[in-house]
Every structure is written in structure tokens, then in C-alpha cells.
*Asks:* 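Encoded as C-alpha cells, here's the structure I'll be asking about.
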Amino acid sequence: MSEKKSGYDFNAIELKWQQYWNDNKTFKAADCDTAKPKYYVLDMFPYPSGQGLHVGHPEGYTATDIVARYKRNKGFNVLHPMGWDAFGLPAEQYAVQTGTHPAETTKNNIDNMRRQIKALGFSYDWDREVNTTDTNYYKWTQWIFLKLFNSYFDQTEQKAKPIEKLPIPKGLSEDEKQKYIDDNRLAYEAEVAVNWCPELGTVLANEEVIGGLSERGSHPVVRKPMRQWMLRITKYAERLIDDLAEVDWTESIKKLQIDWVGKSIGAEVNFKVDGFDEDIWVFTTRPDTLFGATYMVMSPEHSLVDKITADDKKQEIETYRQEAARKSDLDRTDLAKEKSGVFTGAYAINPVNEEKIPIWISDYVLISYGTGAIMSVPAHDERDFEFAKKFDLPIIPVVDPDRNELWDYARRMGKFASEDVGQINVKMSNKGKEKWLDNVVHEIIQGRACYPGKGIAINSKQFSGLSTAEFKEQIASWLSERGLGEKAINYKLRDWLFSRQRYWGEPFPLLHTEDGRIVALSEDDLPLQLPQVDNYKPTGSGEPPLSNAVDWLDVTLADGTKCRRETNTMPQWAGSCWYYLRYIDPDNSEKAWDSEKEKYWMNVDLYIGGAEHAVLHLLYSRFWHKVLYDLGYVSTKEPFKKLINQGMILGEDGQKMSKSRGNVVNPDHVIADYGADSMRLYEMFMGPLEASKPWNIHGVEGVYRFLLKAWKMTIDEETGKLDSAVQKTEIGEETLKLLHQTIKKVGGDIEAFRFNTAISAMMIFVNHLSKQKVRPVSAIEQFTKILAPFAPHIAEEMWQKLGHNETLVYEPWPEYDEELVKEKEVELAVQVLGKIKDRIVVAADADEEQIKEKALASEKVTVAMDGREPKKIIVIKSRLVNIIV
RNA sequence: GCCGAAGUGGCGGAAUUGGCAGACGCGCGGGAUUCAAAAUCCCGUCCUGGCGACAGGGUGUGGGUUCGAUUCCCACCUUCGGCACCA
């Protein structure tokens, strides 16, 4: 399209100003400038994919750019950086297929995406660009890893400390001492079950496994314990929840994080195994139902299963375990609707009543949560109830339900788990409801139905009659006194599996000695560079690709000890966990960042990115930040003050954009046809930042027309100079009022991230001003300033044509006068009994009496009142009048 | 199943300490300009009835609170996003 007859040659204008900003380093952020307040605006940095930018990226980037530019106008020293989260699988897979080194692929992709991002005119300080795959960057990722490795978590102080300060129990041998230390590090090695695909020779992520088969090629996948590096994020569970109070995030994102951490309070209880000298610990949130525990279930992976299984059950147990191993975590829950399990032949002793209860294994018990074993109380747990029904195990009720809670529970369930009670009917009469509840309670205390709620204890010896809450308290002390259990807190959050069997990631700065010890590199030996390899595939035995780097692999220490390097690499999260800190001091070769600069810039005032990172990235990042805080490297508890998740931009068909649907919009084309300013403006005009909304190319035309109109009200189409209607005169009353209203609205909307309505206000102003025969220069100048954060190129060009030589990036934001914003006269709706009958115009400061008088004087109102007397007259100033008769 | 967000014209959306529903933009209809078209400009545009002034209805559905509800409360339906037996 590229309509340039109007003189609005956006391609030329945009190129010109991008060049200007670049040459003049207009957006360079000054470190530690105490003359100005600082403002740190951060985008989630992108993975440089071969597809390049999609229209979703610029949405968040435009929002932050508007804020960054606005804050500069408001006198802030703004830090607004950009970089690349460049490790990751796609470049590695491309390397496997083509032999191209991932570094080369990555560089090309970055060059392309940088070009695309620059074409949108964002005000980044490009001198601070970071790249997680750069050795000068990942040197410090490795440095942080060493900090984790060389720290432990002090339980009483609830913080990380250097490992040298770890108190070591007396009387340990050298080996035991070493093991004790290693077991307390924040980074530790463990055998964990991973999704192993023998055919592909690699470990797969949960989402790469579908129905027990690999997503690529449909090969069988099994759960296999493998040696992995883990990070002790669970130590920070409590603080990750508590410190959310300090940040300005929406309640729903906070809740997402809280639920992910998944704190639950209960007790761990010790069950002896009958005939063995073994203990099985179980975690329960309902220690008050111990008397109702009629059997026990262990996860198939539980370490005691082999030991306690009776000889005649071994075959059956082994078969079941193998079946369970074949299922991924997802399949276990999704496909296994019907409960399954096998009896081990062994019995446990219930500590409260010495009853022998059978021990089963079943895959509904997860090895990774709690202790990997549960006590089953079928009368008060739905899963246990289902299992007991299926295998005909006894059900002993121990809670007489609280009737209110039972009613709520039954209503939520929609039905009740017993055939003998009729369907629940929400519209039941009170009497009917009581009768129905009587029946249900009867079913429950007969053990024919399950009720998981609170109530009064029954069948629990000396504890009978206690409320659930009292019982929990008393049983906890009772168990504790006898050494049979303790209060305990469990979290759904697991320690972070931090190693990957990949090539394209940060190498761990660790050595394995011949005799099995682990030695960390010293900080002086960093960076540990990624070696060249001929083959990017894992070896057939599942060894990571780095095992192929023979020259790199073997190391001999100064004392002659022979070592092998760690061949796993870090996950993509590692680099993105701390990039916001490197932006503060990106070229520092002595330190990860200077602490004066850190104190000046942190924390991040505004962080915008996709909702897909609302849980993991933010949790991991916050975890690292807290460790760095404990060790004194950062000055704030939390990294990100204000967080916003932008919504998704859908295709024109309202579907998620994807290559297969063919509905992907390429920003390059939009910029070529309508310009970057139109692209930016449209992405903000579509709707609220946080909502998902469909792309519509006609919408781009709409905002383009707005820019064109703004251009034409300023510039003469023929001469390219100021239009003759633009004159140095006083601004007329009406225009002045609208101008001040617009300044107020746009500023307020930017502060509240309501960019769509800010643009609409500017449209109203341009619609008004472009109709005026004479257009005062000062009105246009002020308008240009408020347009600038949204459409910076056209604004700079207009600013220049208005006779200014300097960029308007640092021009002060226009002030508005509250007096001028106010309307002098207002129109009120006059209602009779809530229905609008007429409208009256009154002075803005008219009092109630005057308004009433004027309203009652209306002829239409008189007709509508039909001779009745007003009983009450409600006056809402500047809104309406309602007459009640 | 659980948790979260949201349902407003033909479309994207605006309006909430409860006070004139539909700002702004798209699309559509009509007109101007043009040999004609594109572009541009002007007018109209929630629905129903009426030539009309006007009347009635209207914010997913059904109730409730209120002088007054898109906004608050209860129940339900639908869509999207997240989680997945967490004892």
C-alpha cells in the first residue's frame, strides 16, 4: 500500500529516526545518576528462534517502551534493556540434522531478530545487550551455580550460608564428613526417576511423552532413575510464599505461585512393619483419622517394597511395578481412572491401636510427594474409598460429619457416593434437607459412604467426641511424646531438576574424581567453555553429548588426581534466572555486577511478559535471587516489583497463531505496509494488555488513518513544511479544555497500563483539532509530546518540522491544569422512576436545589409525572436526577 | 475434576466507590470528489415498530438487593487459560 502522496513517508521517517537514536545513543542509561529517580523497565527476553519475531513479542515490548519513554519525559533515569535467552533445544536439533554449530545458528537468528526489534523503534539501551550463550555471560551463570554448590541452608535462620560455616556433627570419618557436606549443599546430586526413551537414547520432558510413547517417533518411554543435579528450591518454599506480600502482582498470579508451592500442614506418623525391623513413615493432613486407617499403600517405587514383600507375592508385585514404570506421571492420573494395586503380603501396625493393617502398593500414591507411603482412611478420603471398594477392604468411619459442611460437600459433588441415598436436590425444603442429611450421615457412620470433611470424632477411643481441630492438636502431642510422629509440613514443590543431557547449555563447573568425589572448579577457572564436538547426539548409552568431547573430558589436577568433567549441562532456565542483574553491569569482567550499581537500579520496577512464564521462570528466578540476597550479592528480597502478563494475540480466525493453521502474521510485512508506528499503535489499541485478542488487519488501517490525520493537521502535503493553518496563536477555549483533558487522560492511562483508552483519547483530540481552520502551534506541540511514547518516529519528525532541533525523548511531559479540565456546564439525565424522560443542562457547580428546580420545570418530566407528587428526588451531581413519585 | 480469567452491537472493545450502556476504531449504508477507481472527506449505523417526533426492549441465563445493576449477592450455562489422585 505505502501511500506517500500525503508526505507521510513512514519508511523514510522511521529509518531516519532509528538511525538518529542509534548514532546519538539517545537511550543510554546513566548508572548511579542520583540527580534523577531511577526506573527499571524489563521485558522478558526472547529465545532467538529461526522463525523470527511473531506479533506477540512486540505487544509486550511496545507496552514497556511506552512506559519507558513516558518515564523519561517525566524526568526518570530509565533502564530499558534487551537481550537473548539463546541456549535451547531448537538450535541443537538443527545441529544434529545439519551439523551446523548451534552458535552459528544462534548468531544468525539473533541478528535477524535484533533487526526486527530495531525496526519497531524501541528505546532500548543496546550497549547493555546480553546473550546467555556468550562466555562472558555464562561465566557468571556458572559462578552463581558455584555459589549454590558452595552453600547450605540454615534451618533456624531460614537462609543460605557459605558451606564452610556448616556445623558438622562430631565423630564422623573423613568420608562421612564429605558426604554430610555434599548432602547439605543447595546443589546436589541425586538419583531421580526421569522419562527415558531407550530408542532415542535420551531423557524427555513430561510434555514430550504422550501415552507412554515419545512425541517424536512414538517410541516407548520408561521411568528410569538416573543421576541428576538438583537444586534445593524446596528450602525456600516458605519464603517464596511469604515474600509475595512485598510485590505488586495480581492476586491470580500470586495464587498460581502459592498453589504451585502447595503448602500443606499435617503430621508424619510412624508405622512399624509386622515381623520386620522396619519403619514406614506416612504423611497425613488428617492425623485425627488415624483410628480409621484400615490399610496402607506404598508407591510402587518405595524403597521398602522389595524387603517386605512376601515370597508368594513377589511375581505379582514385580509385574505391577514394571507396568507402573512404563506410565508417565501424566498417564498415571489421566488414564488410570480405575484404581489398581497389589497386596504385598506384609502388615503394618497402626500406632494408635496396635491393629494389623495390610500393606498394598498402588500407583495412585506418588513417590515424589510426602514420604511415598500413605495410611488409608477410606471412610474419609475419596481415593482411599474407591480403592477400598474395589479390593473389598474394611471401612471404619471415625468422623461424625458437621452437617453444614456435609451439605456443602454434597452439593459440590452433585451426587453422593452411596446408592441408598436419593439424589441431592438443591431446592429441597428445610425439612426435606434435614431428613436427607440424616440419611447421608447414617450412610457415612455405617461406612457405606465417604465424607472427607470435618466433624466430631467417633470410634477413636479416648479421643472420641473431639472436634477435628482439637483432635489434630492432641494427637500431635500424643504421637510426639511416644516418638511415633511429629507435626510436619509438606510442599507440592519439588527440588529443581537442574541437569539436562544436552550439548547447547552451560557446562557445570564440576569434576568427578576417579574415586567418586566431586570437586568444584575455582572461580578463577571460569568460564568453563563449551567444547567443540563432532556429534551433538547423546551416546547410545544415554551419556550426554559432551561425553563425545574426549580432549575436554579428562582433567588431571595439580596433585595428580585424575578427573572427568561433568557432562550434563544446565537447563535453559539457568541463563534467564538472573539476566535482569547482568543488564545492570553487562561488561564487568571482574564481577557478575557491581554492587553500587545493583543498589542503584534494583529492583525491577516493571516486568512484562507472557503468561506462560507465570509459574516456573518467576519461581526459579525468585529462588536464585533469594539465595543471592542471603549471600549478600543483591540488596532486595524480591527481584520484580510490578509484574504484568500480556495476553495472547490470536490469528484473524480467533485461533492461536500457528504455522499449521496458516494464520501467522509477520511483523515485517505489517511494518513494510503501514510502518512501525502503526504496528505499535495497533497492538496497543486492540484491547487491554492482559486480554487475549484476535488480530485484524483492518484495525491497523484504522490507526494508520489516525496517524495520517495527525500528520496532515500539521504538515502541508505539497510542501512538506508546516501547514498554513498551523499558527502561533492562543489556543481557543474549547480546544484548550479538550487538550488538557487529553493530557490528563493519556498520562493517567499510561500509569495504569490502559494504552487502548489512551489512544482513543488522542483520536478524539485529533478528530477535533483537524477540523479547526486555525490550529495553534502550541496545541500541536503538546499533542506531539503525548503521542511520542506510542508513535515515536512520526512524533520526532513532526517535532522537527515544528522547528525543534533536539529529540523530544527528554522533553518534559506536558502539565495539565485541573481547572481547565473541568466542564463549565454539564448535561444531566432526568429520570422519573428510573426511566430517562429528559435531559437538562446546568452549571457544573449548580447546587441540588437549582438542579431539582430545573428538572421539575421540564415539560416532559411534568407529563411523565402525570400529576403525582414527587416523593423523593435523588440528585447525583454531574450525572443524573431521579424523581420518585 | 479442581483453580483462575472472561461473556456487552455485525467485529475489536469503552463505561463500575452502583448513576445517561455502546466512547474510540473496524465493518456496513449513503453522499462529495473522480472520466472511472483507489485514496481522502462528510453524514448515518444497538435491536424492534413508525415517514416522523417517538414508543418499547436491550450488557450469557434465571433469581435477589436497590429509587437505580454491565457493575453487588446467589444459582446455572458457555468460552479461554492453568493444574492433574499432592494423602
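So that the names make sense, note that chain A is the first sequence line, chain B the second, and so on, each numbered from 1.
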*Asks:* Using a 4.0 Å heavy-atom cut-off across all strands, classify A:Lys871 as base, sugar-phosphate, or nothing.
*Replies:* nothing
*Asks:* Could I get the full list of side chain to side chain donor-acceptor pair (under 3.5 Å) partners for A:Ser264, not counting sequence neighbours?
*Replies:*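 Partners of A:Ser264 under the side chain to side chain donor-acceptor pair (under 3.5 Å) test: A:Tyr369.
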*Asks:* Roughly how far apart, to the nearest Å, are B:C26 and B:G44 at atom P?
*Replies:* 15 Å
*Asks:* Generate the contact string for nucleotides 42-48 of chain B. Rules: B means base contact, S means sugar-phosphate contact only, - means no protein heavy atom under 4.0 Å.
*Replies:* S------
*Asks:* Charged N to carboxylate O under 4.0 angstrom, A:Lys263 versus A:Glu238?
*Replies:*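 A:Glu238 and A:Lys263: salt-bridged.
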*Asks:* Roughly how many Å apart are B:A69 and B:C11, using the P atom of each and rounding to a whole number?
*Replies:* 26 Å
*Asks:* Step through the shown structure and confirm whether more than 12 heavy atoms of other residues, nucleotides or ligands are within 6.0 Å of NZ on A:Lys254.
*Replies:*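 Yes, enclosed.
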*Asks:* If the test is ring-ring contact (aromatic ring centres under 6.0 Å, His included), which one of A:Tyr674, A:Phe755, A:Trp695 qualifies with A:Tyr682?
*Replies:*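 Testing each of A:Tyr674, A:Phe755, A:Trp695 against A:Tyr682, the sole residue satisfying ring-ring contact (aromatic ring centres under 6.0 Å, His included) is A:Trp695.
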*Asks:* Check the interface with nucleotides 14-16 of chain B: list each N/O to N/O pair with the protein under 3.5 Å, or write none.
*Replies:*
from, atom 1, to, atom 2, distance (Å)
B:A14, OP1, A:Asn756, ND2, 3.0

*Asks:* Once rounded to the nearest 0.5 Å, what's the spacing between atom CD of A:Glu701 and atom CG of A:Asn696?
*Replies:*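 Reported to 0.5 Å precision, the distance equals 8.5 Å.
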*Asks:* Tell me the closest heavy-atom pair linking A:Leu304 and A:Asp279, and the distance in Å.
*Replies:*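 The pair with the smallest heavy-atom distance is CD1-O, 3.4 Å.
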*Asks:* Listed by chain and number, what are the side chain to side chain donor-acceptor pair (under 3.5 Å) partners of A:Lys693, not counting sequence neighbours?
*Replies:* A:Glu59
*Asks:* What contact category does A:Ile874 fall into here, base, sugar-phosphate, or nothing, at under 4.0 angstrom with non-hydrogen atoms?
*Replies:*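 Base contact.
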*Asks:* If you find the nucleotide of RNA chain B closest to A:Arg879 and the one closest to A:Thr284, which residue's nucleotide is nearer the 5' end?
*Replies:* A:Arg879
*Asks:* Would A:Trp360 and A:Phe387 count as a ring pair (Phe, Tyr, Trp, His ring centres under 6.0 Å) if you check the C-alpha gap in whole Å, the side-chain angles of each, and the deciding distance to 0.1 Å?
*Replies:* CA-CA 10 Å; A:Trp360 288 61; A:Phe387 192 85; 5.5 Å; yes
*Asks:* With sugar-phosphate meaning primed atoms plus P, OP1 and OP2, does A:Lys656 contact a base, only sugar-phosphate, or nothing at under 4.0 Å between heavy atoms?
*Replies:*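 The answer is nothing, as A:Lys656 stays clear of every strand by at least 4.0 Å.
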*Asks:* Looking at residues at least two apart in the chain, or sitting in another chain, which of them share a side chain to side chain donor-acceptor pair (under 3.5 Å) with A:Glu486?
*Replies:*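 Once residues adjacent in sequence are excluded, the partners of A:Glu486 under the side chain to side chain donor-acceptor pair (under 3.5 Å) criterion are A:Ser480.
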*Asks:* What's the gap between B:C42 and B:C54 when it is taken at their P atoms, as a whole Å value?
*Replies:* 27 Å
*Asks:* Atom CG of A:Leu619 and atom P of B:C83: how far apart are they, to the nearest Å?
*Replies:*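 Taking atom P of B:C83 as the reference, CG of A:Leu619 is at 13 Å.
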*Asks:* Classify the ring geometry of A:Phe10 against A:Tyr704: parallel below 30°, tilted from 30° to 60°, perpendicular beyond 60°.
*Replies:*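 Aromatic pair A:Phe10/A:Tyr704 classed perpendicular.
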*Asks:* Starting the side chain at C-beta, find the nucleotide from B:A87, B:G12, B:G82 nearest to A:Phe685.
*Replies:* B:G12
*Asks:* Heavy atoms only, 4.0 Å cut-off, all strands: where does A:Asp384 land among base, sugar-phosphate and nothing?
*Replies:*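 The residue A:Asp384 makes no contact with any strand.
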*Asks:* Can you confirm if the NZ or CZ of A:Lys712 lies within 45° of the ring axis of A:Tyr8 and under 6.0 Å from the centre of its six-membered ring?
*Replies:*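 Negative - A:Lys712 is either too far from the ring of A:Tyr8 or too far off its axis.
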*Asks:* A:Val615 or A:Ala373: which one's nearest nucleotide on RNA chain B is closer to the 5' end?
*Replies:* A:Val615
*Asks:* Contact class for A:Lys492 vs. all strands (heavy atom < 4.0 Å): base, sugar-phosphate, or nothing?
*Replies:* base
*Asks:* Side-chain N or O of A:Lys835 less than 4.0 angstrom from OP1 or OP2 on B:G57?
*Replies:* yes
*Asks:* Touch check for A:Glu251, heavy atoms < 4.0 angstrom, all strands: base, sugar-phosphate only, or nothing?
*Replies:* nothing
*Asks:* Over how many whole Å does the gap from A:Glu652 atom CD to B:G10 atom P extend?
*Replies:* 20 Å
*Asks:* Relative to the ring of A:Trp573, is the ring of A:His613 parallel (under 30°), tilted (30 to 60°) or perpendicular (over 60°)?
*Replies:*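 Rings of A:His613 and A:Trp573: perpendicular, over 60°.
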*Asks:* If the C1' atom of B:A53 is compared with that of B:U17, how far apart are they to the nearest Å?
*Replies:* 39 Å
*Asks:* Sticking with atom C1', work out how far B:C43 lies from B:U79, rounded to a whole angstrom.
*Replies:*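 My reading of the C1' atoms in B:C43 and B:U79 gives 38 Å.
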*Asks:* Taking OH from A:Tyr369 and P from B:A84, how many angstroms apart are they, rounded to a whole number?
*Replies:*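 In whole Å, B:A84 P and A:Tyr369 OH are 14 Å from each other.
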*Asks:* Measure the distance from CZ on A:Phe765 to P on B:A23 and round it to the nearest whole Å.
*Replies:*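 Roughly 21 Å, once rounded to whole Å.
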*Asks:* Kindly express the pairing pattern of RNA chain B in dot-bracket notation, using | wherever a base pairs with another strand and counting only Watson-Crick or G-U pairs under 3.5 Å.
*Replies:* (((((((..(((......[....)))((((((.......))))))((((....))))..(((((..]....))))))))))))....
*Asks:* Using a 4.0 Å heavy-atom cut-off, does A:Ile876 contact any base of the nucleic acid, only the sugar-phosphate backbone, or nothing at all?
*Replies:* base
*Asks:* Determine the Euclidean distance between corresponding C1' atoms of B:C72 and B:U65; express it in Å to zero decimal places.
*Replies:* 8 Å
*Asks:* To the nearest angstrom, how far is A:Lys255 atom NZ from B:C3 atom P?
*Replies:*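 My rounded result for the distance is 8 Å.
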*Asks:* With P as the reference atom in both, quote the distance from B:A5 to B:A75 in angstrom, rounded to an integer.
*Replies:* 15 Å
*Asks:* Please classify B:G9 as syn or anti, treating any glycosidic angle within 90° of 0 as syn.
*Replies:*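 In terms of base orientation relative to the sugar, B:G9 is syn.
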*Asks:* Hey, mind stepping through A:Asp723 and A:Thr714 against side-chain contact (heavy atoms from CB on, under 4.5 Å) and telling me if it holds?
*Replies:* CA-CA 6 Å; A:Asp723 194 278; A:Thr714 312; over 6 Å; no
*Asks:* Between B:A87, B:C3, B:G12, which nucleotide gets closest to the side-chain atoms of A:Asp259?
*Replies:* B:C3
*Asks:* A:Val365 side chain: which of B:A87, B:C67, B:C24 is closest?
*Replies:* B:A87
*Asks:* Measuring to OP1 and OP2 of B:A39, would you say a side-chain N or O of A:Arg705 lies under 4.0 angstrom away?
*Replies:* no
*Asks:* Rounded to whole Å, please give me the gap between CG in A:Asn696 and P in B:C11.
*Replies:* 13 Å
*Asks:* Carefully, step by step, assess A:Phe706 and A:Leu787 under the rule side-chain contact (heavy atoms from CB on, under 4.5 Å).
*Replies:* CA-CA 11 Å; A:Phe706 158 66; A:Leu787 175 67; 4.1 Å; yes
*Asks:* Check this for me, if you would: do A:Glu823 and A:Lys737 make a salt bridge, where the nitrogen-to-carboxylate-oxygen distance has to be below 4.0 angstrom?
*Replies:*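 Counted as a salt bridge, because a side-chain N and a carboxylate O are separated by less than 4.0 Å.
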*Asks:* Could you tell me how far B:A21 sits from B:G27 if I compare only their P atoms? Round to whole Å.
*Replies:*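 One P to the other, the span is 28 Å.
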*Asks:* How close or far is atom C1' of B:C11 from atom NE2 of A:His698, stated in whole angstroms?
*Replies:* 10 Å
*Asks:* When the distance from CD1 of A:Ile253 to C1' of B:G4 is rounded to whole Å, what number comes out?
*Replies:* 11 Å
*Asks:* With a 4.0 Å limit, can you tell me whether A:Tyr364 has a side-chain N or O closer than that to the phosphate oxygens OP1/OP2 of B:A87?
*Replies:*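 Negative; the distance criterion is not met.
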*Asks:* So what does A:Ser264 touch, heavy atoms closer than 4.0 Å: a base, only the sugar-phosphate, or nothing?
*Replies:*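 A:Ser264: backbone/sugar contact only, no base atoms under 4.0 Å.
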